[in-house]
Amino acid sequence: MTSFDSGPLDRKLTALETATRLGEGRVAEEMLASAGQVVERARERRRLSADHTVVGFFGATGSGKSSLFNAVTGHPLARAAATRPTTSEPLAAVWGADGSEALLDWLEVTQRHQLDGPAAGTEPSGPWSRLLGERWGRKHDQPGGLILLDLPDFDSIAVRHREIVTRLAGQVDVLVWVVDPQKYADAALHREFLEPLAAHRGVTLVVLNQVDRLAEADVGAVTASLKGILAQDGLARVPVYPASATTGAGVEPLRSAIAEVAERRSAASERLLSDVRTAAKALGAGDAGGVPAGVGKADEARLVDALTEAAGVTTVVRAVQRSYQLEGGRRTGWPVVRWATRLRQDPLRRLGLRRGDNPQRGMNRAPASTADDPRLHRSSLPERSPAQRAQADGAIRAFAEVTGAGAPDAWRSAIRRAARSHADTLPDELDQAITSTDLGAGKGSWWWHVVNALQWIALVAAVAGLAWLGVLALAGYFQFDLPPAPAVEGFPIPTLLVFGGLAFGLLLALLMTPLVRLGARNRARRARRRLRAAVSRVARERIAEPVTAEIERYGAFREALAAASGRH
């Protein structure tokens, strides 16, 4: 069995199938269903005989379609009568019956007439005879076949007849439209059939039947008028054959045209390619013609900035700064008054953000490894205010609008849905990003230890001086004669120890205060960078990447449509 020209058709069918899959949920369901039917119909037609060309005769009531069918086949197969419609079921004339059964079953044609030789009344040397007598006879190694179908009238009052015509108009390989001089401009024919099938002009023939009813001088004018109307339908290059089933005029040129089309054995492939191109163009009918640029760095930065504020990062950064200042004061301040700082709670601990702190740890007695797991750890940040939630939602919407600009409305809606695909879990994920970030809580600066040591040395000196002076005072009170305390420049050493230790400790504490504040600001800036990086990861994974994937899907959809429709 001869196969179809599978190269271009395979590629276009695959492209249309890909576009249909990518368009799910983005393109109207009826359009996707129509494209899916084209793919299914094309694959089914390709599975069946590629050696047979199916030619359908379509026409309105009274056009003489059945009479012309009989004249072309050379056999009185179709019933033609004054009462109309005369054709209620499709009727097939088959040359080369081998392999035609499954194809006719798919076409749902039960009335079949097998014609093995040349049509009656044809010359052996004519193209019809050569096609039907020789090509499907004994002289060729690769036999083929031809199936001519006489169909019910497309304007029949019987709904079932119109349904048959509509179905077979989408299945036959070649469409022969039979019109008569009285109704060749019928609006129903052009609006419902010829205009929608204009893409199949390569496999369409038009017959102006019953020209015997016209004066010979009028045949050319009516034919020209019909060609003009066809041009308005998008069928400017479709051949028009004046003919008369009654007199036989013009039948042989029509028969030759059908023979030539069938002899090429490309009509089925051409028809399927036209179907694929038409379906692809229909799918892309709402395409605005441009692919969005995608997610830019500036767009993502604005999104991260908004989510950073909405997630309460500013509150955490202030807490980091106050926590550093509080801890720095405890470590570098005057030891005598450090107890007062113990009364002030660490702001990071209050927020549950000190590494190793978990509000439920004491209650549940959980192991430290479990308690420190950021997936289980929740902060005690205040609940997002309506303004913060609105800020986050607005930032996500703005991000989706900017990145999706240029896409058709349906795809822009899909991009907006992609941006909000994790909206329900986003607050929790931002909270986890904050709790899992190392804020440097509990890590002091190296110089704290030096200052702390100096403070304790100064305090010990002051206490030692006080103790010395106390011993001297007690000895004088009890009349003990002790040697006088040594002096430096006239000042007793115990006194120098007391005043020097106190003065040094207080002065050191005062000097360290601005340094602690400077360190707190540096620690806060470092914490902000780390927190922003954590928020950025969440924004990229949960918002930017889904949006990028949707935009790439739209680009792939457009590429598939271009491949299916033959556009570059």
Partners passing side-chain contact (heavy atoms from CB on, under 4.5 Å) against R537 (at least two apart in sequence or in another chain): A533, A534, R540
Is a side-chain donor-acceptor pair under 3.5 Å present for S436 with Q432? no
If you measure from the Lys or Arg side-chain nitrogens to the Asp or Glu carboxylate oxygens, is any gap between [X] and [Y] under 4.0 Å?
| X | Y | result |
| --- | --- | --- |
| E327 | R330 | yes |
| E44 | R47 | yes |
| R26 | E550 | yes |

The criterion is salt bridge (Lys or Arg N to Asp or Glu O under 4.0 Å); which residues satisfy it with [X], sequence neighbours excluded?
| X | answer |
| --- | --- |
| R553 | none |
| R322 | none |
| R277 | none |
| E401 | R412, R416 |

Would you sort out whether L426 and I396 count as a side-chain contact (heavy atoms from CB on, under 4.5 Å), showing the intermediate values? CA-CA 11 Å; L426 186 62; I396 295 173; 3.8 Å; yes
With a 4.5 Å limit on heavy-atom distance, are the side chains of [X] and [Y] in contact?
| X | Y | answer |
| --- | --- | --- |
| R45 | D173 | yes |
| L272 | R41 | no |
| R331 | V451 | no |
| L13 | R46 | yes |
| V535 | R532 | no |
| D275 | R271 | yes |
| Q325 | Q321 | yes |
| L515 | M512 | yes |

Of the non-hydrogen atoms in [X] and [Y], which two are nearest, and what is the gap between them?
| X | Y | result |
| --- | --- | --- |
| P486 | P494 | O-CD, 4.2 Å |
| V38 | A279 | CG2-CB, 4.0 Å |
| L32 | G23 | CD1-O, 3.5 Å |
| A392 | L307 | CB-CD2, 3.9 Å |
| L48 | A102 | CD2-CB, 3.7 Å |
| A311 | I434 | O-CD1, 3.5 Å |

If you round to the nearest 0.5 Å, how far is [atom2] of [Y] from [atom1] of [X]?
| X | Y | atom1 | atom2 | result |
| --- | --- | --- | --- | --- |
| F193 | D233 | CZ | CG | 13.0 Å |
| T513 | L518 | OG1 | CG | 12.5 Å |
| T403 | I551 | OG1 | CD1 | 4.5 Å |
| R523 | S323 | CZ | OG | 9.0 Å |
| L9 | R43 | CG | CZ | 8.5 Å |
| Q37 | T20 | CD | OG1 | 11.0 Å |

Determine which pairs satisfy ring pair (Phe, Tyr, Trp, His ring centres under 6.0 Å) with at least one residue from residues 402-423, sequence neighbours left out, and list them in order. W411-Y554, W411-F557
Distance-only check: which donor-acceptor pairs under 3.5 Å involve side-chain atoms of residues 496-508, not counting sequence neighbours?
none

Do any pairs count as a side chain to side chain donor-acceptor pair (under 3.5 Å) and have a residue in residues 456-471, sequence neighbours left out, and if so which ones? N452-W456
Residues forming a ring pair (Phe, Tyr, Trp, His ring centres under 6.0 Å) with F399, sequence neighbours excluded: none
Holding to ring pair (Phe, Tyr, Trp, His ring centres under 6.0 Å), I want the full list of residues that pass it with W448, two or more places apart in sequence or in another chain. Y324
Does the R530 side chain pair with the main chain of D438, one donor and one acceptor, at a distance under 3.5 Å? yes
Quick one: does any side-chain atom of S34 pair with a main-chain N or O of M31 as donor and acceptor, under 3.5 Å? no
Evaluate the side-chain contact (heavy atoms from CB on, under 4.5 Å) criterion for residues V450 and L454: first the C-alpha distance (whole Å), next the side-chain angles of each, then the deciding distance (0.1 Å), finally the verdict. CA-CA 6 Å; V450 177; L454 292 175; 4.3 Å; yes
Strictly by salt bridge (Lys or Arg N to Asp or Glu O under 4.0 Å), give each pair with a member in residues 309-318 just once, sequence neighbours left out. E309-R528
Contacts of type side-chain hydrogen bond (donor to acceptor under 3.5 Å, both in side chains), residue R167, not counting sequence neighbours: Q171
Between E300 and I543, is the side-chain contact (heavy atoms from CB on, under 4.5 Å) condition met? List the steps. CA-CA 9 Å; E300 189 172 353; I543 301 174; over 6 Å; no
Considering residues, nucleotides and ligands other than E541, do more than 12 of their heavy atoms fall under 6.0 Å from its CD? yes
Please evaluate residues L459 and Q455 with respect to the criterion side-chain contact (heavy atoms from CB on, under 4.5 Å), reporting the C-alpha separation (whole Å), side-chain torsions for both, the decisive distance (0.1 Å), and the verdict. CA-CA 6 Å; L459 182 60; Q455 284 284 22; over 6 Å; no
